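Single-structure report; data block below.
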Amino acid sequence: MGFWIIPLEADLKPLYLNVLAPVAHKHQSPSNNERQFLAQGARRKRFGKDNVILSDIRKPPDHIFHGGPFIYSDILDYKNLREIVVNNRITWLFHYSALLSAIGEANVSLARAVNITGLHNVLDVAAEHNLRLFVPSTIGAFGPTSPRNPTPDICIQRPRTIYGVSKVHAELMGEYYHYRYGLDFRCLRYPGIISADSQPGGGTTDYAVQIFHDAVKNGKFECNLKSSTRLPMMYIDDCLRATLEVMEAPAESLSMRTYNVNAMSFTPEDLAQELLKHIPEFQITYNVDSVRQAIADSWPMNFDDSNARKDWGWKHDFDLPELVTTMLNFHGSDTRVAQAN
Ligand SMILES: NC(=O)c1ccc[n+]([C@@H]2O[C@H](COP(=O)([O-])OP(=O)(O)OC[C@H]3O[C@@H](n4cnc5c(N)ncnc54)[C@H](O)[C@@H]3O)[C@@H](O)[C@H]2O)c1
Ligand SMILES: C[C@@H](O)[C@H](N)C(=O)O
């Protein structure tokens, strides 16, 4: 994902700098393609198709390109950001551009530029033009010295990845701009996000997306984390709804500017057991990637999101069984499921 720009009602113009999960899966059937369009369409439907501008530095899939305005935007180009905001009278900005945890460790200088310099550009353009700004943070903003089970909103944050460091920086800078300049900064710490219409983006939680592709296509999956690695996770629809809900919450209901949000928490073994109920021949093997495993072992196992639930009424819809059924349906596994039954 990157960044979104949106307009409000007649005059609310959101800009999304990259889209969470925009990439259509190559193997989907036409009917699944239509269903997968819904998550993206929801944002455009909520605000009006022409009022939501999506952007990236990468070519979008057909359904994104034809679904409403889409533009090229590099968050490292400040003048270009300012031009987009001015020319389109943007009011809300959703900033999704980032390098994720595992890929960030493989390319620290690029991660530092995109995740930190890019954030500075976004903060400045938002403050200069009085935008409401959403920036996602992550379970990766915590580290080995944070309480892991559960992890509360306020506790020690000493992450050991450039990704985590950049996200703590984003949380603190956003809050600083809020108190110093009155910027309407809002931030959610997402768990691992699972979506059928995306390819894994270089994160530590990628296995929980890839497993569905491989289970449906090949009936087997090689997992790069240990079977007992417990991490917080969330289905994409809950993630998008949480994001819009916190953005639309009255300012006086927000006791904080950065909130944990959660839905479920599982291990690769738990996920495999749930998949076996639908695909009895499914097999999982383990070939642990030491970089990803060390990252996962330093992250929360369970996330305490009680403040989000109390302040603005957060409530998730998808637990593990609903997640697996929905993902398998999206992946066109109806035939396998029918065979299994
Ligand atoms: N996916 C998850 O599980 C998860 C969990 C927690 C938080 N998040 C956050 O959500 C956001 C999106 O995550 P994602 O999974 O979609 O990641 P992703 O890797 O799939 O997408 C990142 C996007 O950033 C874009 N990008 C890279 N450099 C850019 C630049 N210079 N200018 C503009 N765009 C640029 C990429 O082209 C890509 O579209 C990130 O900020 C991430 O930290 C994601
Ligand atoms: C958890 C999250 O921030 C991302 N999916 C990663 O693993 O890097």
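The chain is numbered in sequence order, starting from 1. Indexing begins at 1, ligand by ligand and atom by atom, following the structure's order. Fair warning: this is a prediction, and the values are worked out from it, not measured in the lab.
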Between the side chains of Lys79 and Asp77, is the shortest nitrogen-to-carboxylate-oxygen separation below 4.0 Å, so that they form an ion pair? no
Do Met301 and Ile139 share a hydrophobic cluster, counting only Ile, Leu, Val, Met, Phe, Trp and Tyr and linking them when any side-chain heavy atoms are less than 4.5 Å apart? no
N/O to N/O below 3.5 Å, does that happen between Asp56 and ligand 1? yes
Over 60° means perpendicular and under 30° means parallel, so tell me whether His316 and Trp314 are parallel, tilted or perpendicular. tilted
Answer with yes or no whether Pro200 contacts ligand 1, where contact means a heavy atom under 4.0 Å from a ligand atom. no
Ring geometry between His331 and Phe212 (parallel below 30°, tilted from 30 to 60°, perpendicular above 60°): parallel
Under a 4.0 Å heavy-atom limit, does Leu100 contact ligand 1 with its side chain, its backbone, both, or neither? side chain
Atoms of ligand 1, numbered as shown, that sit under 4.0 Å from any heavy atom of Ser73: 32 (N), 33 (C)
What part of Ser55, side chain, backbone, both or neither, has a heavy atom within less than 4.0 angstrom of ligand 1? neither
Consider only side-chain N and O atoms of Ser228 and Glu269, and report whether a donor and an acceptor are under 3.5 Å apart. no
Ser137 versus ligand 1: do any nitrogen or oxygen atoms come within less than 3.5 Å of each other? no
Pairs touching residues 220-253 that satisfy ring-ring contact (aromatic ring centres under 6.0 Å, His included), sequence neighbours left out: Tyr235-Phe318
So is Lys167 in contact with ligand 1, going by heavy-atom distances below 4.0 Å? yes
Answer yes or no: is there a donor N or O on one side and an acceptor on the other, between the side chain of Arg189 and the main chain of Tyr259, under 3.5 Å? no
Can you check whether Asp74 has an N/O within less than 3.5 Å of an N/O in ligand 1? yes
Following the transitive rule for hydrophobic clusters with a side-chain heavy-atom cut-off under 4.5 Å over Ile, Leu, Val, Met, Phe, Trp and Tyr, establish whether Phe303 and Phe266 coincide in one cluster. yes
List ligand 1 atoms under 4.0 Å from Tyr190, heavy atoms only on the residue side. 5 (C), 6 (C), 7 (C), 8 (N)
Gly202: heavy atom below 4.0 Å from ligand 1, yes or no? no
Considering Leu231, Ile193, Thr243, which one's heavy-atom position lies nearest to atom 3 (O) of ligand 1? Ile193
Full working for side chain to side chain contact (heavy atoms under 4.5 Å, CB included) between Ile211 and Ile284: CA-CA 9 Å; Ile211 194 170; Ile284 185 163; 4.1 Å; yes
Can you sort out which atoms of ligand 1 are near Ala98, meaning under 4.0 Å from one of its heavy atoms? 22 (C), 24 (O), 40 (C), 41 (O)
Going by the side chain to side chain contact (heavy atoms under 4.5 Å, CB included) test, name the single residue among Pro232, Ser265, Pro150 that passes it with Pro300. Pro232
Near Gly201, which atoms of ligand 1 are under 4.0 Å from a heavy atom of that residue? 19 (O)
For Gly192, take its heavy atoms, then give the atoms of ligand 1 lying under 4.0 Å from any of them. 3 (O)
I need the single residue from Ile295, Val288, Leu231 that forms a side chain to side chain contact (heavy atoms under 4.5 Å, CB included) with Leu225. Which is it? Leu231
Point-to-point distance, once rounded to the nearest 0.5 Å, from NZ of Lys217 to CD of Gln210: 9.0 Å
Which protein residues have a heavy atom closer than 4.0 Å to any atom of ligand 2, listed by chain and number? Leu100, Ser101, Thr138, Ile139, Tyr163, Gly203, Thr204, Thr205, Trp299
List the steps and the verdict of side chain to side chain contact (heavy atoms under 4.5 Å, CB included) for Asp124 and Tyr177. CA-CA 9 Å; Asp124 285 341; Tyr177 269 55; 2.7 Å; yes
Under 6.0 Å from the CZ atom of Arg241, do we count more than 12 heavy atoms belonging to anything else shown? yes
Closest heavy-atom approach to atom 38 (C) of ligand 1 among His95, Arg58, Met234 is made by Arg58
Under 4.0 Å from one or more heavy atoms of Thr138, ligand 1 contributes atoms 6 (C), 7 (C)
Charged N to carboxylate O below 4.0 Å: is that the case for Arg160 and Asp297? no
With the threshold set at under 4.0 angstrom, would you say Ser195 reaches ligand 1 through any of its heavy atoms? no
Ligand 1-proximal atoms of Ile75, by part, heavy-atom distance under 4.0 Å: both
